[in-house]
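All heavy atoms count here, side chains included; hydrogens, waters and symmetry mates do not. Atoms within a ligand are numbered from 1 in the order they appear, just like the ligands themselves. Everything quoted here is computed from the prediction, not taken from an experiment.
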Amino acid sequence: MRLILLGPPGAGKGTQAHRLVEQHGIPQLSTGDMLRAAVSAGSEVGLRAKAVMDAGNLVSDDIVNAIISERLDQPDCAAGFILDGFPRTLVQADATNSMLASKDMELSCVIEIRVDDEILAERIGGRYTCANCGAGYHDENVKPAREGVCDHCGGTEFNRRPDDKPETVRTRLQAYYKETSPLLGYYYAKGLLRPVDGMADIDAVSAQIDEVLANL
Ligand code: ADP
Ligand code: ADP
Ligand code: ZN
């Protein structure tokens with residue numbers, strides 16, 4: 001199974017990707033996570049990406065295309081993968097096509113998680129993750145069972161992303177509408193687009209995705 005999760009920032013792509021990883025045993029390929037790891041590691045890519053990410057703009061196509069192409073060659077991608085947050089521009093979508101063709105991989109479908117803008121701001125504003133295992137939480141929607149303790153690993157330290165502040169979120173939403181939303185038409189025309197209602201609660205969104213995958 002080779003999936004793309006498409007949707008605006010805060011739609012729930014990462015949340016659903018984590019569930020699909022557990023269900024299907026295929027890796028999540030999140031360019032956002034990979035870029036944040038590069039920034040923390042202080043690598044050359046990280047140094048180039050940091051300011052752009054902090055401002056809420058998109059990192060250059062060349063950088064992310066190279067990261068994904070390399071990642072797809074890892075053995076754990078042989079049985080399938082979930083692309084989360086990539087492709088994000090038409091140039092990246094074309095590059096994805098060529099990459100997959102040259103690696104003899106065929107895309108199963110593109111799942112579009114649809115969410116209204118007002119809700120996105122709330123989802124992003126309340127988002128935090130476990131510093132130890134990366135599990136995702138939300139101040140209102142997804143609280144750990146014991147306050148301040150990660151359900152998955154017992155960790156007690158949590159992170160908030162520097163680009164999750166309201167000023168930056170506006171720029172990220174604009175980038176989504178300007179550069180990423182054209183991909184909806186692009187994949188619709190290829191017969192690959194499968195929209196799901198991302199306004200529903202997390203389990204209900206997962207159920208819709210399960211249904212899409214059952215009908216592939
Ligand atoms: P979100 O989950 O909120 O959509 P991501 O974690 O996917 O955000 O991305 C965070 C930031 O990383 C983006 O704002 C952008 O600067 C950069 N980024 C991630 N993926 C891409 C990509 N495919 N192309 C360009 N920039 C990207
Ligand atoms: P994305 O990867 O698309 O940027 P996330 O998966 O990080 O989005 O979700 C953004 C925030 O919203 C997180 O705090 C997450 O816990 C929460 N969230 C995700 N899906 C839902 C949902 N269906 N209903 C309510 N909150 C959600
Ligand atoms: Zn944890």
Just to confirm my output: which protein heavy-atom neighbour is closest to [atom], and how far is it?
atom	result
atom 7 (O) of ligand 2	Arg127 NH1, 2.7 Å
atom 16 (O) of ligand 2	Val142 CG2, 3.4 Å
atom 19 (C) of ligand 2	Thr15 OG1, 3.4 Å
atom 2 (O) of ligand 1	Arg161 NH1, 3.7 Å
atom 20 (N) of ligand 2	Ile202 CG1, 3.6 Å
atom 25 (C) of ligand 2	Asn141 ND2, 3.2 Å
atom 5 (P) of ligand 1	Arg88 NH2, 3.6 Å

Of all the atoms in ligand 1, which lie at a distance below 4.0 Å from a heavy atom belonging to [X]?
X	result
Val64	22 (C), 24 (N)
Asn57	15 (C), 16 (O)
Pro9	3 (O), 4 (O)
Arg36	6 (O), 10 (C)
Gln92	22 (C), 23 (N), 24 (N), 25 (C)

State whether the side chain of [X] and the backbone N or O of [Y] hold a donor-acceptor pair below 3.5 Å, judged by distance alone.
X	Y	result
Lys143	Glu140	no
Gln16	Ile202	yes
Gln92	Arg88	yes
Thr31	Gly85	yes

For a 4.5 angstrom cut-off between non-hydrogen side-chain atoms, does [X] reach [Y]?
X	Y	value
Leu29	Cys77	yes
Arg36	Met53	yes
Leu35	Val64	yes

Between Tyr188 and Lys190, is there a cation-pi geometry (under 6.0 Å to ring centre, at most 45° from the normal)?
-> no
Answer with yes or no whether Ala200 contacts ligand 2, where contact means a heavy atom under 4.0 Å from a ligand atom.
-> yes
Non-hydrogen atom of Lys50 closer than 4.0 Å to ligand 1 = no
Given that the side chain starts at C-beta and the backbone is N, CA, C, O, which of these parts of [X] lies under 4.0 Å from ligand 1, counting heavy atoms, or is it both or neither?
X	result
Arg123	neither
Asp84	neither
Leu58	both

Find all atoms of ligand 2 within a distance of less than 4.0 Å from any non-hydrogen atom belonging to Gly14, and give their numbers and elements.
-> 1 (P), 2 (O), 6 (O)
State the atoms of ligand 2, each with its element, that fall below the 4.0 Å cut-off from a heavy-atom position in Tyr137.
-> 13 (C), 14 (O), 16 (O)
For [atom], which candidate among [options] provides the closest heavy atom?
atom	options	answer
atom 18 (N) of ligand 1	Thr96, Thr31, Leu35, Leu5	Leu35
atom 10 (C) of ligand 2	Ser30, Gly85, Gly10	Gly10
atom 11 (C) of ligand 1	Glu179, Met53, Lys13, Met34	Met53
atom 8 (O) of ligand 2	Gly12, Gly7, Ala17	Gly12

Does the side-chain contact (heavy atoms from CB on, under 4.5 Å) test come out yes or no for Val115 and Arg123, once each step is laid out?
-> CA-CA 10 Å; Val115 176; Arg123 287 201 185 164; 3.7 Å; yes
Mind checking whether Tyr137 and His152 have parallel, tilted or perpendicular rings, split at 30° and 60°?
-> tilted
Presence of salt bridge, [Y] and [X], under 4.0 angstrom:
X	Y	answer
Asp210	Arg19	no
Asp73	Lys103	yes
Asp54	Arg161	no
Lys13	Asp84	no
Arg172	Asp164	yes

Any N/O of [X] closer than 3.5 Å to an N/O of ligand 1?
X	answer
Val59	yes
Arg172	yes
Asp33	no

Met34 and side-chain contact (heavy atoms from CB on, under 4.5 Å): which partner among Ile67, Val45, Val39?
-> Ile67
For Ile124 and ligand 2, does the shortest N/O to N/O distance drop below 3.5 Å?
-> no
Before signing off on this row, confirm whether Val205 and ligand 2 have an N or O atom pair separated by under 3.5 Å.
-> no
Got more than 12 heavy atoms from elsewhere within 6.0 Å of CZ, Arg2?
-> yes
Short N/O/S contact of His152 with the Zn ion (ligand 3) (below 2.8 Å) | no
Taking the Zn ion (ligand 3) as the vertex, how big is the angle to SG in Cys133 and SG in Cys153, rounded to 10°?
-> 110°
